[in-house]
Visitor: 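Next up is a structure, given as C-alpha cells.
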Amino acid sequence: HVSPVMMRAVAALPRDSVVFAHPETARLLGFFTGRSPYSNERWETALCGLIQSPLCEEAKDRHRKTFEIYYSSSPGAVAAFAASSGVTHFLAEEEFYLPDYLEGRLGHRYRFSDRCASALGGRAAGGSALLDLAEKKGVELGSGAWLLEAGQLKDPGRLKSIAPDTARP
C-alpha cells in the first residue's frame, strides 16, 4: 500500500511537517521520508511498555484520536482537529476504508481492524470525511492515496457543503 510516489511526495514536504496518516502508513513515514507522523503506534508501544510517563498518555491519546479522525463522518471534526493539533498535512488512503480491510480480510501484518471498526461506531464502511475532503481538495498520489494540506480546511462554510450523504458508497 505504501508507494514510492507517496513517500516521495511526503519527503518533499517541509522538514517541520507533521503528517496525519493511518497507523499502518504512519509507522513508515519517519524512516522513508524523514517527516514526523502525528501518531506512531511503535512509539506508543515502546513508551508504554517501558515507562510510566505523561508522554505515554499523550501517545495513547494521539493513537486513539488518529482512529477517531481517520474514520470520522464529520468534515467539521476533521477541520477542527486540523486547526488544533499541529498537523500540517493529511494522507488519506482509500484501501483503509474498504470493507475487506475493516473486516480484517486483507492480511496486513499490522492489523487495526478492531480499532477501525470501533471508530466507525456501527456506520457502514466505505466513506469518511477525511477521504472525501482529500479527494476534493488534495493532491492525488495514485493508488487511491491523496495528500491534503491542513490549510485547505480553514473555510468552514465550504466544508458544510460536503454533507455526510455525499460520502463514498
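Everything numeric in this text was worked out from a predicted model, so none of it was measured.
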Visitor: Check residues 6-17 and write down every donor-acceptor pair under 3.5 Å in which the side-chain atom is one partner and the other belongs to a residue at least two apart or another chain.
Guide:
unit_1: Ser17; atom_1: OG; unit_2: Pro14; atom_2: O; d: 2.7

Visitor: When rounded to the nearest 0.5 angstrom, what distance separates NZ in Lys65 from OG in Ser85?
Guide: 9.0 Å
Visitor: Ala77: which residues meet the side chain to side chain contact (heavy atoms under 4.5 Å, CB included) condition with it, sequence neighbours left out?
Guide: Ser72, Ser74
Visitor: May I ask you to test the Thr66-Pro23 pair for a side-chain heavy-atom distance under 4.5 Å?
Guide: yes
Visitor: Taking side chain as C-beta onward, heavy atoms only, is Leu148 less than 4.5 Å from Val139?
Guide: no
Visitor: Tell me, please, which residues at least two apart from Glu140 pass side chain to side chain contact (heavy atoms under 4.5 Å, CB included).
Guide: Trp146
Visitor: Could you check Tyr38 against Phe81 for ring pair (Phe, Tyr, Trp, His ring centres under 6.0 Å), going step by step and ending with a plain yes or no?
Guide: CA-CA 12 Å; Tyr38 169 76; Phe81 174 79; 5.1 Å; yes
Visitor: Would Glu149 and Thr88 satisfy side chain to side chain donor-acceptor pair (under 3.5 Å), going step by step from the backbone distance to the final call?
Guide: CA-CA 6 Å; Glu149 191 174 341; Thr88 60; over 6 Å; no
Visitor: Output all residues satisfying side-chain hydrogen bond (donor to acceptor under 3.5 Å, both in side chains) with Arg35, sequence neighbours left out; order by chain, then residue number.
Guide: none
Visitor: What residues, two or more places apart in sequence or in another chain, satisfy ring pair (Phe, Tyr, Trp, His ring centres under 6.0 Å) together with Tyr70?
Guide: His22, Tyr97
Visitor: Less than 4.5 Å apart, any side-chain heavy atom of Val19 and any of Val87?
Guide: no
Visitor: Side-chain contact, heavy-atom cut-off 4.5 Å: Phe20 with Ile69?
Guide: yes
